Amino acid sequence: MKPPLFEYVRVSSVDEALDRLTELGDEAKVLAGGQSLVPLLSLRLANPAYLVDINRVGDLSHIANGPVVRLGALSRHRDVERSGLVAQSHPLLSATVKYIGHIAIRNRGTIGGSVAHADPAAELPTLLVALDGEIEARSSRGVRTLAAAEFFEGFLTTALEPDELLTEVRFPVLAAGTGWSIQEFSRRNGDFGVVTVVVTVAVDSAGRISEARISFGGVASTAVRASSAESALVGQTPSAELWKSAAHEAASSLDPSGDLHGTPQYRRHLAGVLTERALVEAHGRVEEG
Amino acid sequence: MRLVGAKIPRVEDRRILTGRGHYIDDVQLPFMLHSSFLRSPLAHGRINSIDVTEARRAPGVVAVYTGEDMKALAGPIKPVIPTGPAPEYFPLVTDKVLFVGDLVAMVVAESRAQAEDACELIEVDYDPLPAVVDYETALDPSVPPIFSDLESNVLVTRHLEGGDVDAAFKEADRVIEVELSQHRVADVPMETRGVVADYDDDSGQLTVHSATQSPQGVRIQLASTLDHPINKLVVLTQDVGGSFGLKINIFREDFCVCVASKQIGRPVKWIEDRNEHMIASGHAREEKILAQVAVSDAGDVLGLKAELTLDQGSYPGLPFGAAIFPSLIDVLLPGPYKVKGYSCDSKVITTNKCVYVAYRGPWAIETWARERLLDIVAHELGLDPAEIRRRNYLEGAEGDQLITGRSVSGITSRETLDRALALIDYEEVRSQQQVARNEGRCVGVGFATFLEAAPGPPEMRLGGGMFAGEQATVKLEADGRVTIITAQSPHGQGHETTLAQVVADEMGVSMDQVQVVYGDTRLTPFSIVGTGGSRAATWATGAVLVNARKVKEKVLAIAGAQLEVSPEDLEISEGIITPKGVPSKAISLAQIARQATLGPASLPPGTDANLESNERFLGEGITGSGWSGGTHACVVEVDLGTGAVKIVRYVVIEDCGRVINPGVVAGQIRGGVAQGIGQVFYERAAYDKEGNFLAGTFMDYLLPTAAEIPTIEIEYVESDPEGEIGFRGVGEGGIIVAPAALTNAIEDALLPFGAKITEMYLPPAKVLELAGIIEE
Amino acid sequence: MTMDMELTVNGSAYQVSADPRRTLADFLREDLRLTGTHLGCEHGVCGACTVMVDGSAVRSCLMLAVQADGCDVMTIEGLERDGQLHPLQESLRDCHSFQCGFCTPGFVMTALAMIEEGSAPASEEELRENLAGNLCRCTGYQSIVEGVIEAVRRTTDQSASAQGAVEKRVS
């Protein structure tokens, strides 16, 4: 279980990275934190001719506040987890990052790497899809911003072109008073969730739900939103029955596949259970706020 | 101070805590080559052609071996101790692959990475054959045998009876029939397998560095299969990173690596990677028991009929194939209960899966099946599971026997149950359970009792039992220090500490004066098992103790003559020999040892200058029942939303006789329980219907982490505290009984849903299926 | 094919060249002969290969050696000073924390990072979660958890009584 031969290319700036990616095209793979890519190399499930190591690129590690929390592609999970700034402005993001792997993984793993790897069971894609977050990609041809929904195309597949570098991930901050919850059920501590659900709930002054978001990881080839359940929640008055019916609606919209960790029936059931728990918790946070 | 019984820090720990342990992958020899194996992607298939041309040309490659190449140099592989039908097979396959991961070709190169590169260049053309993956297919007489030189896929059958089974069933009010199955799992030590072979062309000596439980077992099998003179074959073993039964085996890769070193004339290393390990090192436990229990309505267990089927996968293990395990299982299945009639029919079948190997308590299905059956019977009769056990226990009275004939005088099953239930506060747990149920929560309590023949009752150890006891050497060295040479080959059990504790006490020296030597076949006595089968506590300890005593007798004879005191009136403390109560008159062990070594002629007449003893210990002086045993009890709470099971409390009442080192013993128990928890909730060596292996990484084969394993409370019944050699084995009980306690607790929790647990593996999805919350 | 690099390992400076496809773990073990760092899975799950890079615990099987160019690496071999075990090592020994020793370097480095960062959690439950990235097959973990709790206690006491000395050792 040793990595295959590749040519190692270390770049020290975004421009240099873009030049090399333009030159090498799909022969190259970008190496960021390496927490997903290096195992694939060692298992010889990935066999790139070139590895473009961006870890020395200086200006991709930012953690910036605002109406949108902007995380440089090279910001490490652990830095985000321990950031007081993020904890304050985006507690949902803080909470989500804590679910990623274990400390040693989070010390090295990057936000950009996790998003670009596009594992449908991973936490950050599920959150990005929930928040309608954005991904910034640069190439020698220019800069473009992709919505999460268009960025994640399928299992380990994104809209990034071979010459593009993911440079920033943007997590919109929740409007004041919005409640949130992330519920992940994994077989063991630190594993990807069998199912993960991210929920936000906002309530208007009349006590009715003004906005609801429900996003699932682990139930399809990408993270997915439960749009029909979201719509069904809007305008309703919060109640235990409402959460139950919305959770049921959300779960029945799913068509998950099975694996060693859960049958399709189990995943669908779990999605419903976690959604209900998430709605209750998120609503609890609304009232707190 | 007596060292035995104290939580002495381990001798091993300084080196392992500083990174100076010496494991197989740490062996680095000059000019050493590395190897990698091409493994079968198919469960069953015929090799039409194999082309290694490109691989031979690849950078760094020194040699490539196909099955035919290897067949010309080694094999066929025949176990040195025949145990059942032996199909003919070779280190690498010659015609048919028999499981995903089977050995097709070997590459030897300057680096492991280059060897792997070259493996990718080997082209093999296969004709797939239908795979035999399940019990039904293997037992179907119309399905051709996997091994064409055997008559069928049923390798072994066996029948055992005790008492009058027909009479017992006639007497019964009812007969309850259940099929219970446990799933395929794997031992999964944190260190994978590995071997380094170093052949010296001038002397003809083959030195094999092996991560094994049994260096002598490796040596005798290698010599036999490779037709290599055994007096020119040395096996060396240093630190071994866990094993749990796996590394008692001699593996086909071992032969290949030795052949390559002999051919090339350079050291060759093979370190298994984790993916190979999961696919091809060895799997365990895949068995089922169809049981009929004859009971009275009052709860007397009268009779038991069982049919055991064991799926051994493809190749037989070495030195012990799975064929021997039914004989361990059927003897113990009725357990410490007053059954009147019993029969067991066993079959071992072969399938296109990885080799079945021993895994800590390889007979453990007997405990799980029996303790599960008792709960099922209790529920059917409306009895408390504690009540049915208490009603049926053998008391351990003089003359008490298992229905299979083994004497169980002195066992403490009832006491361990009573204490376990007291410790877990059974009455309170039952009332809390009701409160929880009223609140819609799902709480259960479960317990189970085991017996392990470690070393077994007197009739099982006549003449030292199956392996004729154990040999050891104890030697007083020239400076008064003591060397122990043991046949054990530890891989985490702490024998460098525990054996030293026992001998230090006996010899009257401090721990740091005692050195334990193991893992060098030039020095160590023969043992086919080495460290395994929970043998060390009784057999290895007994062996070093009796030999230490012999050395001590010789020393005291010399000292007595020199001090003009009768040897019986002498004592040794901190290395100083004094007449009891006369500390002023003293001679040191070091003085006597020096004199015996350098000036033996000056010793008093009639004394022996050879201050060494290496007698074989055959069991004399063993006290107590011979049975380790105990009861585990636990409380669980099931999350009916997710199917997650939280282990709220887990308690162990253990009877392993005298405890040598509580730190070591507790570690053995807790480690075993953790593996039992893994087996029930997390671990499964899964195949699909075509025989593809599905759990090749640690993302698929889930070992529990610190977050999944609860605190495990332990109390001891030291049923033989003052015994001569009253130490009993404790390596296996934890994993043997934990699955029964856990599954009983979960069934108890799910009783309101009518759940009946008949399969051991209970991942969250299965828990919800049992509760009727989701469909299968 | 190989790349020149400089790094510090356990306080010693090295100027070496490494094959880019060599992982940091293989580099430490094979090139520097620091075999205390173990490989249990080579795909980032078991944690046996955990080392500290620039003060943080990382999996050395998931980092290429060339990525450690310019870094300060600490391995299990770096804890003992002048024949004196680190309080963490002493605590783990006193608690019989380990058995076969194969997972040991990973646990030690994970716990060391926690202690040096001052991030060891107060509750046992959280501590168990923080140790969940390291697999042990022998112990059932309880002895390891006890050992780490003891080490946190001892290092905290020590730092209270001899703050300067601790800072010196940590830096």
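Within every chain, numbering begins at 1; the chains are lettered A, B, ... in the order of the sequence lines, protein sequences first and strands thereafter. Just so it is clear, the structure is predicted and the values come from calculations on it, not from any experiment.
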Most contact-rich option vs chain C, by heavy-atom pairs under 4.5 angstrom, among L5(A), D191(A), N55(A), is L5(A)
Bottom line for V45(C): the part with an atom under 4.5 Å from chain A's heavy atoms is side chain
Go through it in stages, so that I can follow the logic: the residues are E123(A) and K98(A), the test is salt bridge (Lys or Arg N to Asp or Glu O under 4.0 Å), and I'd like the CA-CA distance, side-chain angles, deciding distance and then a yes or no. CA-CA 9 Å; E123(A) 293 82 2; K98(A) 287 190 178 69; over 6 Å; no
So, the part of L39(C) with a heavy atom under 4.5 Å from chain A: the answer is side chain
Practice task
Give the ring-plane orientation class for F185(A) versus Y266(A), where under 30° counts as parallel, over 60° as perpendicular and anything between as tilted.
Solution key: perpendicular
Does a side-chain N-to-carboxylate-O contact under 4.0 Å join R138(A) and E168(A)?
-> no
Under 4.5 Å to a heavy atom of chain A? For D26(C) that would be side chain
- Message: Within the 4.5 Å heavy-atom criterion, are V73(C) and T8(C) side-chain neighbours or not?
- Response: no
With C71(C) as partner, the option from L24(C), V9(C), V53(C) fulfilling side-chain contact (heavy atoms from CB on, under 4.5 Å) is V53(C)
Honestly, the part of R106(A) sitting under 4.5 Å from a heavy atom of chain C is neither
So, the part of M114(C) with a heavy atom under 4.5 Å from chain A: the answer is neither
- prompt: Would you say R44(A)'s side chain and K2(A)'s backbone share a donor-acceptor pair under 3.5 angstrom?
  reply: yes
Honestly, the part of L31(A) sitting under 4.5 Å from a heavy atom of chain C is side chain
Of L64(C), L131(C), T50(C), the largest count of non-hydrogen pairs under 4.5 angstrom with chain A goes to L64(C)
Whatever's closer than 4.5 Å to a heavy atom in chain A on S56(C) counts as both
